[in-house]
Amino acid sequence: MPQLNDLSRSLVALDQDSTIIAVVELSQSSWLVAGVLPGIERQPRKKLEPSAERLLGLLHRWRDEAVRAGRNITRIALAFEAGRDGFWLARWLNARGVEAHVIHPSSVAVSREHRRAKTDRLDTELLKRAFLGWLRGERGHCSMARVPTIAEEDAKRPNRERECLVGERTRIVNRMKGALARLGIRNFKPTLRKAADRLATLHTPEGMPLPPNVLAELQRAMARLGFVVSQIREIEQARQKRLEQQPETGPHAMVRQLARVVGVGIETADMLVHEVLSRPMRDRKAVARYAGLTGSPDESGTKRREQGLARAGNARVRRGMIQLAWRFLLFQKDSALALWYRARTADSRVGTRKTMIVALARKLMIALWRFVTTGETLEGVVLRPAG
């Protein structure tokens with residue numbers, strides 16, 4: 001039975017005599033639009049400047065041409081690959097009566113020739129064939145990405161901004177430690193509260209104060225570090241305020257429920273909820289696939305081997321879940337999943353623990369998804385008191 005949110009094929013019957021089909025190859029400098037028009041033998045192709053209004057005008061012009069050819073156009077279906085432009089164009093077109101879809105780029109099969117020709121014209125032909133197969137309801141041609149709302153996209157920004165700021169904080173600290181290590185100073189911690197005041201008192205092993213240029217560089221780095229730390233703190237305080245003001249709204253309730261699991265912090269819970277758990281997933285396989293925790297088997301004849309993680313899902317979720325899986329073993333030693341992991345790594349073979357931690361992360365991801373969506377309890381998992 002087809003699922004309501006099955007994006008691997010279209011669930012709407014295709015009447016090609018009343019449907020204009022178009023694909024767009026997006027780039028920063030121009031858009032190449034190719035179409036299939038009912039009643040018109042030629043398949044038009046038009047290069048436009050990056051403008052949604054120009055694109056909509058072109059689609060309306062093609063519709064008028066098909067009407068003059070004797071066709072009753074009731075549907076305009078358009079598709080383009082996900083990329084730098086995001087989902088705004090799909091939302092804009094859908095609001096103006098155009099059925100817009102966003103294709104997963106990795107789901108479109110391409111030639112495996114060593115050196116294949118690749119141009120925008122050839123790319124539009126490839127997209128057109130894949131999109132036609134998808135519209136006919138056939139599997140395997142391509143898969144569509146779910147178009148999020150502006151509110152859903154905006155909810156991801158604080159966590160992603162914090163991730164960038166934490167990386168910037170680490171880079172600043174490492175540069176400062178590297179500059180001091182060249183002078184033989186290794187006991188200075190830039191993240192301490194009074195680290196800026198200690199800079200002027202530092203001395204090299206020879207008993208000399210810091211050189212003036214190095215001292216000025218470190219003071220500027222400390223100023224940048226303080227600014228980054230204040231922004232991280234601001235993001236965390238704003239998130240805590242939102243959770244307290246709207247504790248029962250959908251995503252916030254999920255964050256609070258997930259944070260009850262001992263070993264899952266508020267930052268991990270917020271990332272998992274807004275990146276994957278609040279999305280309408282079809283089944284457990286879709287959850288694992290979106291999290292990037294599925295394998296990539298290589299089987300041909302008698303050859304059977306596993307190439308490792310497919311890495312086609314959400315990289316943030318994949319990294320977070322593998323880290324959470326190691327932390328889960330530390331804080332939930334008596335849970336069913338931790339016992340399952342220890343039973344399969346008891347042989348102490350080289351590489352077994354590293355391989356099985358991915359399997360544990362996949363099982364844990366599915367268990368947490370069921371926990372926040374259906375309330376299914378986690379066997380043997382210790383929870384914090386509600387509130």
Side-chain angles (χ1 to χ4, degrees), residues 5-12 14 16 18-38 40 42-63 65-66 73-111 116-150 152-154 156 279 289-290 312-314:
N5 60 340
D6 185 5
L7 298 179
S8 64
R9 56 174 176 165
S10 176
L11 302 180
V12 180
L14 173 63
Q16 202 158 337
S18 62
T19 304
I20 290 179
I21 300 170
V23 296
V24 188
E25 180 67 19
L26 303 176
S27 69
Q28 189 171 356
S29 59
S30 64
W31 292 353
L32 183 61
V33 190
V36 178
L37 277 60
I40 298 177
R42 69 179 179 87
Q43 296 189 359
R45 189 183 302 110
K46 180 69 174 178
K47 179 171 286 189
L48 304 173
E49 63 182 23
S51 169
E53 290 79 7
R54 291 282 304 275
L55 175 60
L56 185 62
L58 177 64
L59 294 175
H60 287 171
R61 194 180 75 198
W62 285 353
R63 180 186 60 188
E65 290 184 24
I73 302 301
T74 60
R75 181 185 182 191
I76 301 177
L78 177 139
F80 56 89
E81 288 183 309
R84 172 182 175 274
D85 287 281
F87 298 98
W88 73 269
L89 182 58
R91 289 192 294 261
W92 192 88
L93 290 171
N94 283 323
R96 286 156 179 81
V98 177
E99 182 184 323
H101 301 277
V102 182
I103 302 176
H104 275 296
S106 60
S107 69
V108 179
V110 298
S111 172
R116 66 180 181 91
K118 186 185 185 304
T119 64
D120 287 347
R121 180 182 61 83
L122 294 177
D123 286 346
T124 56
E125 293 299 323
L126 191 66
L127 288 178
K128 197 188 304 180
R129 289 193 295 270
F131 189 38
L132 276 168
W134 185 87
L135 288 171
R136 289 193 297 265
E138 302 172 7
R139 294 185 183 275
H141 287 275
C142 64
S143 295
M144 297 297 172
R146 175 179 170 269
V147 179
T149 64
I150 293 181
E152 289 174 337
E153 282 198 300
D154 188 62
K156 298 178 182 180
R279 296 170 62 92
R289 188 163 51 247
Y290 182 81
N314 190 312

*Salt bridge flag under 4.0 Å for residues R45 and E125*: yes

Nearest 0.5 Å, what's the [atom1]-[atom2] distance between [X] and [Y]?
X	Y	atom1	atom2	answer
W62	K46	CH2	NZ	9.5 Å
E53	L48	CD	CG	11.5 Å
L132	S10	CG	OG	11.5 Å
S51	L89	OG	CG	10.0 Å
I40	E65	CD1	CD	5.0 Å
T74	I20	OG1	CD1	10.0 Å

_Before you tell me yes or no, could you show the steps for L55 and L78 under side-chain contact (heavy atoms from CB on, under 4.5 Å), namely the whole-Å CA-CA distance, both residues' side-chain angles and the distance that decides it to 0.1 Å?_
CA-CA 11 Å; L55 175 60; L78 177 139; 4.2 Å; yes

*asked:* My understanding is that only one of K118, K128, R129 makes a salt bridge (charged side-chain N to carboxylate O under 4.0 Å, His left out) with D123; could you say which?
replied: K118

Could you pull out the closest heavy-atom pair between [X] and [Y], with the gap in Å?
X	Y	answer
F80	A90	CZ-N, 3.8 Å
S27	P50	O-CG, 4.3 Å
F87	A145	CE2-CB, 4.1 Å
V147	R91	CG1-CG, 3.8 Å
C142	W134	O-CD1, 3.4 Å
L32	R121	CD2-N, 3.7 Å

_For K156, I'd like to know if atom NZ has over 12 heavy atoms of other residues, nucleotides or ligands within 6.0 Å._
yes

*asked:* A quick test of your reading: do over 12 heavy atoms of other residues, nucleotides or ligands sit less than 6.0 Å from CD of Q28?
replied: no

*Evaluate side-chain contact (heavy atoms from CB on, under 4.5 Å) for V23 paired with I103, printing each intermediate quantity in order.*
CA-CA 10 Å; V23 296; I103 302 176; 5.6 Å; no

*Hey, mind stepping through H60 and R96 against side-chain contact (heavy atoms from CB on, under 4.5 Å) and telling me if it holds?*
CA-CA 11 Å; H60 287 171; R96 286 156 179 81; over 6 Å; no

State whether the side chain of [X] and the backbone N or O of [Y] hold a donor-acceptor pair below 3.5 Å, judged by distance alone.
X	Y	answer
N314	Y290	no
D154	I150	no
T19	Q16	no

*Please step through side-chain contact (heavy atoms from CB on, under 4.5 Å) for the pair L56 and W92, ending with a clear verdict.*
CA-CA 10 Å; L56 185 62; W92 192 88; 3.8 Å; yes

_Close side-chain approach of R54 to W31, heavy-atom, < 4.5 Å_ = no

*Do the side chains of E25 and E81 get nearer than 4.5 Å, heavy atoms only?*
yes

_Residue pairs fulfilling salt bridge (charged side-chain N to carboxylate O under 4.0 Å, His left out) with at least one residue in residues 97-109, sequence neighbours excluded_ = R75-E99

*By side-chain hydrogen bond (donor to acceptor under 3.5 Å, both in side chains), which residues pair with S30, not counting sequence neighbours?*
none

